[in-house]
Amino acid sequence: MAPQDHRITLLGKPGCHLCDDARAVIERVAGELGVPWEERDITASAEDHAKYWEMIPVTLVDGVQHDFWRVDENRLRAALRS
């Protein structure tokens, strides 16, 4: 699968400094590899809030949880190249 065939989702909430750090990594990696990405605010969904509240930021790759609390840039790149 080519990197651009993947999709990254960042789950976070407003005012989260770890989410800001994760966003910067995701923007950089996604931009370099041409991978689409989106961000979801867990405060807009009771289900997301209940499931992810203690783990944000959470990174999903193709809808599957990949990382939480921090985004490891090298690990994310490797997942997108597989």
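Checked by atom type and distance alone, the side chain of Ser45 never pairs as donor or acceptor with a backbone atom of Ile42 at under 3.5 Å. No side-chain donor-acceptor contact under 3.5 Å links Arg23 to the backbone of Glu39. Proximity of a side-chain donor or acceptor of Asp41 to a complementary backbone N or O of Lys13 within less than 3.5 Å is not detected. No side-chain donor-acceptor contact under 3.5 Å links His66 to the backbone of Val71.
Arg77 has a carboxylate O that lies under 4.0 Å from a charged side-chain N of Glu73, or vice versa, which qualifies the two as a salt bridge.
Here the closest heavy-atom approach between residue Gly12 and residue Cys19 is recorded as CA-SG, 3.6 Å. Of all the heavy atoms in Pro36 and Arg7, the pair that sits closest is CB-NH1, 3.3 Å.
When the side chains of ILVMFWY residues are joined at heavy-atom separations under 4.5 Å, either directly or via intervening members, Ile26 and Val61 end up in a single hydrophobic cluster. Leu11 and Ile8 fall into different hydrophobic clusters, where Ile, Leu, Val, Met, Phe, Trp and Tyr residues are linked whenever their side-chain heavy atoms come under 4.5 Å apart, directly or through other members. Hydrophobic clustering (ILVMFWY, side-chain heavy atoms < 4.5 Å, transitive): Val58 and Leu18 are in distinct clusters. Leu60 and Trp37 fall into different hydrophobic clusters, where Ile, Leu, Val, Met, Phe, Trp and Tyr side chains are chained together by heavy-atom contacts under 4.5 Å. The hydrophobic cluster containing Val25 also contains Leu33, counting ILVMFWY residues as joined when their side-chain heavy atoms lie under 4.5 angstrom apart, directly or transitively.
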Check against side chain to side chain contact (heavy atoms under 4.5 Å, CB included), His49 and Tyr52: CA-CA 6 Å; His49 187 273; Tyr52 298 111; over 6 Å; no
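For CZ of Arg70, the number of neighbouring non-hydrogen atoms (other residues, nucleotides, ligands) closer than 6.0 Å is 12 at most.
In this structure, Leu10 CG and Ile56 CD1 are separated by 9.5 Å, a value rounded to the nearest 0.5 Å. Of the inter-residue distances, the one linking Leu76 atom CG with Leu80 atom CG reads 4.5 Å to the nearest 0.5 angstrom.
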